[in-house]
Amino acid sequence: MSPPLEHDCNVLTERICSATAAGDGILNLKETELRLGLPGSESPVRDDKVGLTLELLPPKSFFTGAKRGFADALDAGAGKWGLAAGGGGSEKEMSKGGALFSPKREGASGGKTTVLGSAAKDEGTKAAGRDSNISVGNSDEIQREIAPAAKAQVVGWPPIRSYRKNTMATNPPKNKEMDGKHGFGCLYVKVSMDGAPYLRKVDLITYSDYKELSLSLDKMFSGFTIGHCSSQEIPMRDGLSESRLLDLLNGSEYVLTYEDKDGDWMLVGDVPWKMFIDSCRRLRIMKGSDAIGLAPRAMEKCKNRN
Amino acid sequence: MDRAFSWVAAFPDEVWEHTFSFLPTDADRNAVALVCRSWHRIERLSRRKIFVGNCYAVEPAAAVRRFPEVRAATIKGKPHFADFNLTITDWGGGAGRWIQSMAKGWPLLEELRLKRMVVSDDCLEIAARSFKNFRVLSLASCEGFSTAGLASVAANCRNLKALDLHENEVEENCINWISHFPESFTSLVTLNIACLDGEMNVSILERLISRCPNLKTLRLNHVTPLEKLVGLLHRAPQLVDLGIGMLIGEGHPGLFSKLESAFAHLKHLKNLSGIWEAGPLYLPAIYSICEGLTALHLCDSSIQTPELSKVVSRCKNLQQLWAMDLIEDDGLIAVASSCKLLRELRIFPSDPHGLAQPVYLTQYGLLAVSSGCVMLESVLYFCRQMTNSALLAIANNCPNLTCFRLCIIEPYTPDYITQEPLDAGFGAIVELCKDLRRLSISGLLTDRVFKTIGASANRLEMLSVAFAGDTDAGLHYILSGCKKLRKLEIRDCPFGDKALLDNADKLEAMRSLWMSSCSVTLGACRLLAKKMPRLNVEVIDENGGGSLESWPDDCHVEKLYIYRTIAGPRTDAPPFVLTV
């Protein structure tokens, strides 16, 4: 008997995919948002103003109607949002995008800087600048509501060491008026694999679902994994792959686990994606036999969270 | 022997050797080695330090053979942009072959410094066992090893003075590796474990510190609780360089005065680094040591500018300040008025992806520091706005700048007041700062800035360019100018084939060139590789490798890494990296 949680996840998954597939428009996506609990019940939802993922929740007021492909979204927004090239995932695609999408120079500065520019015309008086900065803050906030979901991140930009990024990701700056969310749009976690000589690191923010993560890890550890190969042939119908990963458990030699904030090792795929990236501290691809004890504990935890 | 060089025999070899020991740089020694055969021989047999800027430029065995008496080696691996994940994992930079050759040829090696290399536990084990006089191990931005490897270093290197782990990716599978230092081990002078994530057994650490009276540098990792830190500090009052890891304030009273007294005992402290999570209330605990500080690297996420300014204004002798942009313009103004000896300023972004409220850090902050701190030489500054006039003023204020790296976070950002490109500003920097050796440019830039850089930046050795330029001419200006250019790294610029091919010779005079997301085609790479046999032209293909021959000439090259080498194409390249 499958645990109710898993069932819910699947149900929600299907609804999301049918919504986007049918081009239902973006208006009612909130209902199909991934969350724990039965559909319709209230439960804390992560504040999506901090746009850590792309695609699922594009700005409501900006787009109209039909589902937009990733490329379309960028095209429309290129001028407004400065450089908007895709991050992570397939480098090659991004590169082509990067070349095509270089934003027009006239409006090039992108949302934030033009706002700053117009507000701070008077370079002389700092006080004035300060005041206008505050109003900048407000309009900036509005900009942020629109921008983040579709503003993708360029790989390797700004040029800060991922090491440093990680430090700040675990210690987000407690800025004055901040909502208390991560100030950082990236989260590097180490991925280790039993038997592999090196650690890798991945930026979880660049993936939008388990499937992408799984594919990427598969590529990275392709010399070692056996069971994950089949995930590439799975058709897109099903979208998210929480259930897929659990299925793979039975078939493959290796399973993907993660260490969460509390230091416990859990199976990847049990919780909705956003919750996962919020709590994942590191990943480990371990032998299937070692992971057997993890499943019941994971379910326990999820139940407790409810 | 050549009649013309008979004067060489006027002095015995030892005299020449002694003379050469005064030569400050490797370049000087290289020049000396070219004078005549005798000098070549004497120089190579007496060279004690070797610096290999690109581990693939030479075969390890050849380097070891040529300089058999080396005692200190520094080797660098991956290109700089690997730090920002622009290369692929598994790109290379393995230290294995080097360590093996060194173990055979340099058994008396004392110091090994590796940067951006992949170092396995085996490497560490071999090094620990082979080098009987091993004194210094420094690994910066490396990966591939675990704390088990560190354990074997601890266990086997009886006379180790320095274990310096700087920003490495370390697998932590051996929790008490520190306990592998034997009880008889007392020689430690530097211990930098800031990059380790895992819990450290503090009492073992305490015992280690207690029995190493010469310990001068201690950089802890981030999980050391405050109470324990206090204990450690009491055991090492002679510390000169302290990294507090991540200092988290804990509620109970009395802790503040303990911390304050612990710091007060550190009468010799010059460097303080770490992440201050303890909040502003604990900050006064470090007031007593501020005056002695010459370097302060504080990533603070819990301190507002006023409190930070109070710290900074007490640091009258500060020469190096690394801080987050949360210091804001006001904080930098405090720096400008108090830290008159400041030489190096680095400001990092707390919110690089612009997801939070912007901080009040603008060009004013840098301008203030440039005008208040006349000794300023090195700048790394992340900000969101800049103007040409500010850059001009900075250049005028600090003509002695040797390193200027400005990163305006949003690409293509113009002068925010005039909306013009920042060509004039950066142009002023290169024209007025004649000793500039390192430059990173950003913001909206046209080909004009490259013309100026090419023409004026005569001492420039390293240039980083991103999202800049209009045409190939930009690259051409750089490659045909910049006489001393050694490293050039470029991303997302419209630079292409012609500039590369027209300046092929220049590439051999440089250490390396990295180009990604530019407009280079495979055909040009092929031509270049054919023309310049002593260059490795490496193309990174992320789609799984495959045969290079089958691709057409007009195929776009996404990532290109060109470097000079006498070792030929490398043999350890993964399938994604293809040498043309």
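The sequence lines fix the lettering, A, B, ..., with proteins before strands; numbering per chain opens at 1.
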Subject >> Donor-acceptor contact below 3.5 Å, side chain R161(A) vs main chain S141(B) >> reply: no
Original post:
Got a sec, which residues hit side chain to side chain donor-acceptor pair (under 3.5 Å) with R405(B), two or more places apart in sequence or on another chain?
Top reply: none
Subject >> Test: E172(B) and R282(A) ion pair at under 4.0 Å >> reply: no
Original post:
Between the side chain of W157(A) and the main-chain N/O of F84(B), is any donor-acceptor distance below 3.5 Å?
Top reply: no
**OP:** Can you measure from CG (L380(B)) to CD1 (I160(A)) and round to the nearest 0.5 angstrom?
**Re:** 10.0 Å
Subject >> Atom group of F382(B) that falls short of 4.5 Å from chain A, counting heavy atoms >> reply: side chain
